[in-house]
Amino acid sequence: MLASSLLEGLNPEQRQACEITEGPLLVLAGAGSGKTRVLVHRIAYLIGVCGIPPESILAVTFTNKAAGEMRERVEKILGPEASSVFVSTFHSACVRILRRDVGHLGLSRGFAIYDEADSLGTVKEALRRQGLDPKLFEPRRLRWRIDQWKNAGVLPAQAADGAADLDTRRTAEVYAVYQRLLAEQNALDFGDLILQTTELFGRFPEVLSWYRRRWQYVLVDEYQDTNRVQYRLVKQLSDEHRNLCVVGDPNQSIYGWRGADVRNILDFARDHPDAQVVKLERNYRSTRPILDAASAVVANNRGPETTLWTEREDGGPIELYEAVDDRDEAQFVIRQVMTAVREEGRSFGEVAIFYRTNAQSRPFEEELLKYDVPYAVVGGVRFYERAEVKDALAYLRALVNPSDGMALRRILNNPPRGIGKTTLERADELAAAGGCTVLEALRSLAADPAAARVALKLQEFLALFDGLAAEIGGLTPAEALARVLERTGYLEHLARQGTPEAEARVENLRELLAGAEDFSAANAGADERSAIELFLDQVALVSDLDAYESRSDRVSLMTAHTAKGLEFPVVFLVGMEEGLLPHAAATRDAHGIEEERRLCYVGMTRAMERLTLTCASERRRYGARTFSVPSRFLSEIPRALVARGGARESAARDRTADGRRALDYSVGQSPAEEAGSIRVGLRVRHPIFGEGSITAVRGAGQAQKLEIRFDRVGVKTVLVRFANLEPV
DNA sequence: CGGTAATTCGTTTTT
DNA sequence: CGAATTACCG
């Protein structure tokens, strides 16, 4: 194939990123700079021009959606020959590797993949076994810390070695027990998928070298979001041939809380002294005002300035709406959406609403329902995490992997069959003492004549379980699920309840069955592993976003995190308030705030033509009314780029009677004016008390109060409305 | 043991 | 406010 035809339509930098095929390459790809395009064409170039066999290329992404898109687009250029390129998420790739070689680590190939809930359950079990009080040692916190260790590549022994304080030492002990429990249950959690793969490679060089030979060219997408273990994994795979191409944008690093380490991308050149660097700085997505506004925000982070430019000089200013409360905010947005559709010829599918937290979707959903506007909420509670769906899948899991204690626990008395808490506790104790699985413990309890009544119940359950295990052998996932739901009486039990909730659950199970049927059809006889096992893998690794169909004509609602990588002609970024964006939990340190700022940048740069930012001065939060002040990020946007709409009480707040500039949180156009936004730490002058700095902000609007520590007179609380404050 | 009522509880983002 | 755990009674 001719290089010229393959690289046609690429700009010089994009072209360069394709043509530098050997050795380490860092592609710094700004928002909307055609990153995916480059990855796709690079793969096509490697195969079509350089003659690299497709199967020796590995491309790693973070979402299945991204992987699927990449695979599709490469196939579109090269045809079916490209299908043997290994395009996969980090997690799927590791599952594939571990399914093959996990035996070296002492697990068996049918290992279960534990999600967060299973993992949390295992932490609780670990606490029980150590006799630690879950009130004192919060399971959620412990799980979090263990996860962070795993993201950092720290094993239990290393965690214990590095533990400086008592709490950390205890946590490391729990980590060790937790890990033992996982092994007993033949299970790995999400973090393990990556960590154990690097362990496998580290301890068994012959395994590693097999994969090194196989994948001669490695590409990594969204490199700014890789954590330390992923870094290690990539290094292991590429250290020999060194044909490593990483693509990313430090300004879009928004997963630090999940262990992502921006240093991976920032230090790439230092890590690989012979690395070449290509910068993609031309933005093809957004109009000038959108790009300028987003850049102005992220420019407040320290670190190297990045320049993005666009030729799209069209488009008006971005809009700001300051709502009274969250309902007003939602009403405004939905009216805008309807107007855009009716009067500007937009379609609903062109519109997206981004928020910081999933809980913010509710008022928007209510308004959308009210006006019959079609919409899709992406993310939130995963379909596969709904109780009834998890129950059904737990049956399959336990049948496939009888050591899977979390699955067994779920199904044992579900539907109710007279096996209660005490029986389960006894089984747990027996398992812990005898070093056997919970299922084996249940078997011995079933044979115990001392507890005849419960033994009978157990025998019934075990007969059912063993019968199903024998039956589902050659079945497709859909057939197996149907059999399970019927034979266990699960479906019947639900149907008998007759409540609307139960009906909804039955409906969800039907959807699960339909999904399983689709899967069966697409994966008939593909592998030596059973179709049921493959189905369970898929279920564990698929995300809500992966199934999201952006082409359908519906308004999309999602978090700014989920929005990364997507683009929409019309974007609403809502809830631009202190405490929300930036989120209160992230404002402890400068790092957290900078990450929030990047998140804001990510949200803004999704917009192609129209961007509207909104905030509300009052909103309902877990039932109670709370007040908030506009986000500091709003004040970082040059005023000239913004058109204001909305219900500001009056212009009186902007100017005081004698014409001096009053304290104003609104967008400023210069650093001096930006200083006018109300925030903790701001220096102000009071006509009577003199100069001081704000130490707290309470309330909003007419009732907004500030606590100020004045240099001369100490701490006072003042009403903004009357205080006549001036920024210093 | 099972189901319901009462209470507590915690709230960021997710492969 | 809603999920999730706990308390209590049949």
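Note that the structure is predicted; figures quoted are calculated from it, not measured. Throughout, protein chains are lettered first and strands after them, A, B, ... in sequence-line order, and every chain is numbered starting at 1.
The ring-ring contact (aromatic ring centres under 6.0 Å, His included) test applied to Trp215(A) returns Phe86(A), Tyr211(A), not counting sequence neighbours. Take Glu507(A) and apply the side chain to side chain donor-acceptor pair (under 3.5 Å) test, not counting sequence neighbours, and it matches Arg510(A). By the ring-ring contact (aromatic ring centres under 6.0 Å, His included) test, Phe137(A) pairs with no residue at all, sequence neighbours left out. Residues meeting the side chain to side chain donor-acceptor pair (under 3.5 Å) test with Arg327(A), sequence neighbours left out: none. Partners of Phe62(A) according to the ring-ring contact (aromatic ring centres under 6.0 Å, His included) rule, which considers only residues two or more places apart in sequence or in another chain, are Phe90(A). Not a single ring-ring contact (aromatic ring centres under 6.0 Å, His included) links Tyr395(A) to another residue, sequence neighbours left out.
The salt bridge (Lys or Arg N to Asp or Glu O under 4.0 Å) test with Asp118(A) singles out one residue from Arg397(A), Arg409(A), Arg410(A), and that residue is Arg397(A).
The distance between atom CZ of Arg141(A) and atom P of dC9(B), rounded to the nearest whole Å, is 16 Å. Summarising the geometry, the separation between CG on Leu424(A) and C1' on dG2(B) is reported as 15 Å, rounded to the nearest angstrom.
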Scan the side chains in residues 558-565 of chain A for donor-acceptor partners under 3.5 Å anywhere in the protein, sequence neighbours excluded, and list what turns up.
from      : atom 1 : to        : atom 2 : distance (Å)
Thr559(A) : OG1    : His561(A) : N      : 3.4
Thr559(A) : OG1    : Thr562(A) : N      : 3.1
Thr559(A) : OG1    : Thr562(A) : OG1    : 2.9
His561(A) : NE2    : Ile254(A) : O      : 3.2
Lys564(A) : NZ     : Glu222(A) : OE1    : 3.4
Lys564(A) : NZ     : Asp225(A) : OD2    : 2.0

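Note on Arg453(A): nothing from the nucleic acid sits closer than 4.0 angstrom, heavy atoms only.
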For nucleotides 10-15 of chain B, 5' to 3', base contacts (B), sugar-phosphate-only contacts (S) and non-contacts (-) with protein non-hydrogen atoms under 4.0 Å give -BBBBB
Dump every N/O contact between nucleotides 5-10 of chain C and the protein below 3.5 Å, one line per pair.
none

